[in-house]
Amino acid sequence: MNIEQFLTQAVAAAVRTLYGEVNAPLQIQKTRKEFAGDFTLVVFPLLKASRKSPEATATEIGERLTADVAEIRAFNVVKGFLNLELDGAFWAARFAEIAAAADYGQAAPTGRTVMIEYSSPNTNKPLHLGHIRNNLLGYSVAQILAANGHKVIKANLVNDRGIHICKSMLAWKLYGGGETPASSGMKGDHLVGKYYVEFDKHYKAQIKELVAAGQTEEEAKKNAPVMREAQEMLRRWEAKDPEVYGLWETMNGWVYEGFDVTYKALGVDFDKVYYESQTYLLGKSLVEEGLAKGVFYRRPDNSVWIDLTGDGLDEKLLLRGDGTSVYMTQDLGTAFRRFEDNRLDDMIYVVGNEQNYHFQVLKLVLKKLGYADWSDHITHLSYGMVELPEGKMKSREGTVVDADDLIDDMVRTARDMSAELGKLDGCSEEEAAAVSAMVGLGALKYFILKVDPKKTMLFDPRESIDFNGNTGPFIQYTHARIRSVLRKAAEAGIDFSGAAHADYLPEEIELVKMLAEYPATVKAAGDNFAPSIIAAYVYELAKTFNGYYHDHSILREENAAVRDMRLQLAQQVARVIRSGMRLLGIDVPERM
């Protein structure tokens, strides 16, 4: 039984004894930090039954509870709020339950199947800092939802077709001279990204020439030879032209090999990978279905649209006049296939907030096509952009922060700072490399995930690797410090596995309270798709333990029962830190 259930039953019994059967709801919540107590009962809903003032009602219930319930040691009243204080024996019993729970924090199976789509890269460029936030957020939410008892399917939708892909292909064909990852020594995704930038360079030069020759900028953008060639290449691709299709397969193969290296370095993975090239035709068939039902309409230029002005939106293109599809077309096809194939209860898309409108439209179009059961179970987990002190990033101009470079820089900086602070003293080269990778990636992941997903964030690599303050390395170091204490206990032959009967200090009770909050924290993070809730909790736990460890000896404690209790407490704090950090996709070291 959790603490809230225990208190609810105790309060219900006291209220029944005092006032008989009462239909009013019992509102019990954690006591605010500025007041004494553990949990607070809001007595206002009970005044009709008590027929007394809020203060008198609270006092009467408090007196009844302290008389009848041994675990409630004291109470105080603040207006209509009854603050209850639980005794040390109660918290010792809760701690014993926590220590005995093999999968503490893991909820029972719910029977719900949830798919979460994240990453969703284009195959015309390498992953960058924005993709890093997407991948880390998606992977962490998947871990958190699994901890909440759901069956989770991690999915990646690869944007492997479209005009942007043709731009890289055309630039390689025109200017590449047969260059390959093997001949250039570049990762495949980097090589293809190089030609995406190359296309933009030539495109801008051609626009400039056409404007100088008398065309408007809008005309020049449409008439630039490289853009016309790219559009023709897309038409040939959709017609399965062997030459274009072969080049597309080759260059995408290069990109996938590069992506796999980055995903492995980031520590993210997928259960299913979908490709837009395989779903856009299904999307086209849904468009035909919508035309037949009168949901969509065709314009004179042969393009297909839906009018959503009656729903407060606008008119939305579903198929271009030349028959080629748009993002909405393929997203309809992908959604259809996923719900059909996997019998999903929920579908979560992790996509930046610039696509908020797109997902509004997707849900509405699915509903109008008759798939309300699906559209009502689609969630767009919208997140803000990641910015740097220098400003925004632009892929086509080659000004992005490359994911591979950033990961390498984080590991290198972590190694330098760890060595400087003596954290790697006594480590072998292999251990030093492993710890540096763990700390560098932990710093990156924690810094990004501690921010509410909806907020635009400023990423400062050096600030993220600080071993003090609200950072990943601070939490990792706390875990390593506890593990060091536990190793020393084992080396000294101390067996602290048995029951340790000792009185708890207020600081120790505070740690037990925090440990007891972990399952509710995991639930809140799942309900809100918010890794930041886990991050805040783990940081507070680590900070509280550090304060306690600074003030109280563990191994040097002379009273064996107290020493053993403190070792058990430290062990469980380390365990919950490790569990919480794992939900963020972060590893914690055994030694530092």
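Basis for what follows: all heavy atoms, side chains included, without hydrogens, waters or symmetry-related copies. Numbering starts at 1 and runs along the sequence shown.
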Student: Do the side chains of Asp416 and Arg412 get close enough for a salt bridge, i.e. N-O under 4.0 angstrom?
Tutor: no
Student: Given side chains that start at C-beta, do those of Leu555 and Ile494 come closer than 4.5 Å, heavy atoms only?
Tutor: yes
Student: Any side-chain heavy-atom pair from Asp346 and Leu145 closer than 4.5 angstrom?
Tutor: no
Student: Just so I know, are the side chains of Gln106 and Val522 near enough to count as touching, which here means a heavy-atom distance under 4.5 Å?
Tutor: no
Student: Do the side chains of Arg487 and Glu590 get nearer than 4.5 Å, heavy atoms only?
Tutor: yes
Student: Looking only at side-chain N and O atoms, does Asp38 offer a donor or acceptor that is under 3.5 Å from a partner on Thr31?
Tutor: no
Student: Check whether the ring centres of Tyr371 and Phe339 lie less than 6.0 Å apart, and answer yes or no.
Tutor: no
Student: Are Lys272 and Phe270 in a cation-pi setup, meaning NZ or CZ lies under 6.0 angstrom from the ring centre and within 45 degrees of the ring axis?
Tutor: no
Student: Test Leu344 against every option in Val114, Ile153, Ile378 by the side chain to side chain contact (heavy atoms under 4.5 Å, CB included) rule and name the one that passes.
Tutor: Ile153
Student: When you compare the side chains of Thr471 and Asp466, does any donor N or O come within less than 3.5 Å of an acceptor on the partner?
Tutor: no
Student: Could you give me the CA-CA distance, side-chain angles and deciding distance for Lys488 and Glu491, then say whether salt bridge (charged side-chain N to carboxylate O under 4.0 Å, His left out) is met?
Tutor: CA-CA 5 Å; Lys488 286 175 183 172; Glu491 288 162 6; over 6 Å; no
Student: Take atom CG of Asn23 as the centre, draw a 6.0 Å sphere, and report whether it contains more than 12 heavy atoms from other residues, nucleotides or ligands.
Tutor: no
Student: For salt bridge (charged side-chain N to carboxylate O under 4.0 Å, His left out), just list the numbers for Lys543 and Glu510, CA-CA rounded to whole Å, side-chain angles, deciding distance to a tenth of an Å, and then say yes or no.
Tutor: CA-CA 12 Å; Lys543 186 174 73 168; Glu510 185 58 32; over 6 Å; no
Student: State whether Tyr274 and Arg337 meet the cation-pi test: NZ (Lys) or CZ (Arg) under 6.0 Å from the six-membered ring centroid, and within 45° of the perpendicular axis.
Tutor: no
Student: Decide yes or no for Tyr446 and Gln476: does some side-chain heavy atom of the first lie under 4.5 Å from some side-chain heavy atom of the second?
Tutor: no
Student: When the aromatic ring centroids of Phe90 and Phe6 are compared, is their separation below 6.0 Å?
Tutor: yes
Student: Taking the six-membered ring for Trp, are the ring centroids of Tyr539 and Phe474 within less than 6.0 Å of each other?
Tutor: yes
Student: Parallel, tilted or perpendicular for Phe39 and Trp91, by the 30°/60° rule?
Tutor: parallel
Student: Tyr19 versus Glu60: any side-chain heavy-atom pair under 4.5 Å?
Tutor: yes
Student: Taking the side chain as C-beta and beyond, is there a heavy-atom pair between Ser464 and Met410 under 4.5 Å?
Tutor: yes
Student: Check whether any side-chain heavy atom of Ile72 lies under 4.5 Å from a side-chain heavy atom of Leu86, and answer yes or no.
Tutor: yes
Student: Please work out which of the three classes, parallel, tilted or perpendicular, describes the rings of Tyr118 and Tyr139, given edges at 30° and 60°.
Tutor: perpendicular
Student: About how many Å separate CD1 of Ile3 and OG1 of Thr8, when rounded to the nearest 0.5 Å?
Tutor: 11.5 Å
